[in-house]
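Side-chain atoms are counted along with the backbone in the values below, which use heavy atoms only and exclude waters and symmetry mates. Letters go in sequence order (proteins before strands), and every chain restarts at 1.
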Amino acid sequence: MIRTRYAPSPTGFMHVGNLRTALYAYLIAKHGNGKFLLRIEDTDSKRYVEGALEAIYHSLILAGLTYDEGPDKDGGFGPYVQSQRLPIYKRYAEELVAKGEAYYCFCQKEDHVNEEEEEEEVPFVPERNICRLLSPQEAQARLADGEPAVIRQRIPDTGMTTYHDHILGDISFENALLDEQVLLKSDGYPTYNFANVIDDHLMQITHVVRGQEYISSTPKYSLLYQAFGWQSPVLVHCPLIVNEDGTKMSKRKGAPTLEQMVEMGFLPAAIVNYVSLLGWNPGTTQEIFTLEELVQVFNVDRINKSPAGFSMEKLTWMNGEHIRRLSPEAFHELALSWYPDSLKKLKFDLEKISRLIQVRTERLSDIRTMIGFLAELPEYEPSVFVNDKSKSTLESSRKILQKTIPLLEALEPWTNEAIFTCLKTFAIENGFKVGTVMWPIRTACSGLEATPGGATELADLLGKEETLKRLRLGLAKLQ
RNA sequence: GCCCCCAUCGUCUAGUGGCCCAGGACGCGGCCCUCUCAAGGCCAAAACCGGGAUUCGAAUUCCCGUGGGGGCACCA
């Protein structure tokens, strides 16, 4: 039974990197009919961020990554919140001490003053402090005195530690260069480095999915697994997601969160789709996938090694693809909340508008600007009436408006078809290209060089009265 | 500074020794379609980091450079 987990810490929101890690974990589990679990890694109370937990739940729902086990869904491996598992970590840490694989350390916490650039480059020396030499009796005595202590992992002085990563292969480190990291802090909380090993084992996680930034701490985890005599899960270190210029994508450098991207007008399904292809490919030329399809075709073996650059442009295109694949009804429902109130107040046929703009919408946020002219005709210069391609000039436009306004005044019923037939007939009878006739109508209706929908569609949308009003106004500009 | 990872069009990528004078996608340019703009269709430009080695043959294997990235906390 495959079991994977998404293990965020409640210190921030879900940005694209986290999302992809969660997605891959989800896909690995679901592709193999396994279980996907959510575990909260809140082992650093100082870094807790208000609202982060809610954001995590909300983001998972948005993305459609439903977990089988989690804080609110017990699957028999709980609790799924690390701060509620403190006694467990303590017990295992002490077991390690008893085995000689860890030791009590009474050294004072070093102040990690994050000096700026000025700090000269002092070569890093792995942690090998004197406490590792303390005899168990001495340690116990000092403990009994109430001296504060942490538990550190004991690392062999010699030898190499090699682990196997499923996509990177074997990776080796010299033990002497590994630091004897803290397992249990003086406040009784475990460090992430310890808790993740304990929990992954206890929760029977089969595949650990995480970013490549963990590559260099993984040998220490391997040593921990060995110390306990446990089998290591399959390790899957995903390539980093970077900015297009190759620099690391971090929250500092504007990595958007899932929720922010949704606010920007992206569909969660498109974001998930796009992110799935950052460091993975299906081996076919298909690029547009639903979550369900991804579950079908996902294969860990096809995850890449090299970092992937996040491209807003391609995401935008993909979002457009997803929008176009929506049923008109589904699109309309989504579009509704993006229509400005000014438009809703007027009696526009919003469904008709939706049908017109669906194919032209790349982001839902485009909607506002695309249809603003409907509620209010923008200011425009007569020069908009001039267009080479449709052979429109100021004179032709004036002439056409003059002659078509009466025709349209008399037109009944006011439908797209009727308006189109009327104008096309006019064009043929007067020796105009259809485009030449349509251009001034469309222009007068919108004041714009480009609009979602053609002349007759706009006229239909605006209604007879408003259309004629705008047509006359356009004519006035030309006289 | 030390350790580790990575390296194909601007970007995402295919490619696991001959099918590759390197394929697809985004973006860019052009054409077609067309009641404007989109969408759609067609076409074009655009890459194997460098040097050695192995081999009849290397984008694909191995070394060495170079470049980029990551890590080095009582953070995750």
Query raised in the report: Taking the six-membered ring for Trp, are the ring centroids of Phe298(A) and Tyr24(A) within less than 6.0 Å of each other?
Result: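 So the answer is yes for these two rings.
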
Closer than 4.0 Å, any side-chain N/O of [X] to the OP1 or OP2 of [N]?
| X | N | result |
| --- | --- | --- |
| Arg152(A) | C74(B) | yes |
| Thr43(A) | A76(B) | yes |
| Lys389(A) | C37(B) | yes |

Open item on the list: Looking only at side-chain N and O atoms, does Arg363(A) offer a donor or acceptor that is under 3.5 Å from a partner on Asn319(A)?
Closed with: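 Their side chains do not contain a donor-acceptor pair, so the 3.5 Å distance test is not met.
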
### hbond_proxy Thr191(A) side chain to C74(B) base (donor-acceptor, 3.5 Å cutoff)
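Side chain to base: no pair present.
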
Using atom C1' in both nucleotides, what's the gap between A45(B) and C4(B) to the nearest angstrom?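 So the two C1' atoms sit 39 Å from each other.
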
Give one of base, sugar-phosphate or nothing for [X], where a contact means two heavy atoms less than 4.0 Å apart.
| X | answer |
| --- | --- |
| Gly320(A) | nothing |
| Thr443(A) | nothing |
| Glu321(A) | sugar-phosphate |
| Leu278(A) | sugar-phosphate |
| Thr451(A) | base |
| Ser172(A) | sugar-phosphate |

**Report entry** Stepwise side chain to side chain contact (heavy atoms under 4.5 Å, CB included) check, Leu334(A) with Leu267(A)
**Finding:** CA-CA 9 Å; Leu334(A) 281 174; Leu267(A) 266 38; 4.2 Å; yes

Query raised in the report: Quick one: ring pair (Phe, Tyr, Trp, His ring centres under 6.0 Å) pairs with a partner in residues 173-197 of chain A, sequence neighbours left out?
Result: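 For residues 173-197 of chain A: Tyr192(A)-Tyr214(A).
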
Between N or O atoms, less than 3.5 Å apart, protein on one side and nucleotides 6-11 of chain B on the other: list the pairs.
| unit_1 | atom_1 | unit_2 | atom_2 | d |
| --- | --- | --- | --- | --- |
| U11(B) | O4' | Glu244(A) | OE2 | 3.2 |

(message) Under a 3.5 Å cut-off for both contacts, is G67(B) paired Watson-Crick or G-U wobble with anything, and if yes, with which nucleotide?
(response)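 Partner of G67(B): C6(B).
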
> According to the Watson-Crick and G-U wobble definitions, with both distances under 3.5 Å, which nucleotide is paired to U61(B)?
Replying inline: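 Checking every strand shown, U61(B) finds its partner in A53(B), with both distances under 3.5 Å.
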
Nearest-nucleotide pick for [X], side chain only, options being [options]:
| X | options | value |
| --- | --- | --- |
| Glu287(A) | C2(B), A25(B), G70(B) | A25(B) |
| Arg360(A) | C35(B), A38(B), C5(B) | A38(B) |
| Leu240(A) | C37(B), C35(B), G70(B) | G70(B) |
| Trp439(A) | A25(B), U36(B), G40(B) | U36(B) |
| Val150(A) | G70(B), C74(B), A25(B) | C74(B) |
| Ile215(A) | C4(B), C75(B), A25(B) | C4(B) |

The contact string for nucleotides 41-47 of chain B, one letter per nucleotide 5' to 3', using protein heavy atoms under 4.0 Å with B, S and - for base, sugar-phosphate only and none, comes out as -------

What's touching nucleotides 14-18 of chain B from the protein side, N or O pairs under 3.5 Å?
| unit_1 | atom_1 | unit_2 | atom_2 | d |
| --- | --- | --- | --- | --- |
| A14(B) | OP1 | Asn281(A) | ND2 | 2.4 |
| A14(B) | OP1 | Asn304(A) | ND2 | 3.2 |
| A14(B) | OP2 | Asn304(A) | ND2 | 3.4 |
| A14(B) | O3' | Arg302(A) | NH2 | 3.4 |
| G15(B) | OP1 | Arg302(A) | NH1 | 3.4 |
| G15(B) | OP1 | Arg302(A) | NH2 | 3.1 |

Worksheet entry | Partner set under side-chain contact (heavy atoms from CB on, under 4.5 Å) for Ser45(A), not counting sequence neighbours |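 Residues passing side-chain contact (heavy atoms from CB on, under 4.5 Å) with Ser45(A): none at all.
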
inquiry  = I need the CZ-C1' distance between Arg355(A) and C37(B), as an integer number of Å.
reply    =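 About 19 Å, once rounded to whole Å.
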
Give me each pair satisfying side-chain hydrogen bond (donor to acceptor under 3.5 Å, both in side chains) with a member in residues 449-463 of chain A, each pair once, sequence neighbours excluded.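 Every pair satisfying side-chain hydrogen bond (donor to acceptor under 3.5 Å, both in side chains) with a residue in residues 449-463 of chain A: Lys352(A)-Asp460(A), Asn416(A)-Thr456(A), Arg442(A)-Thr451(A).
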
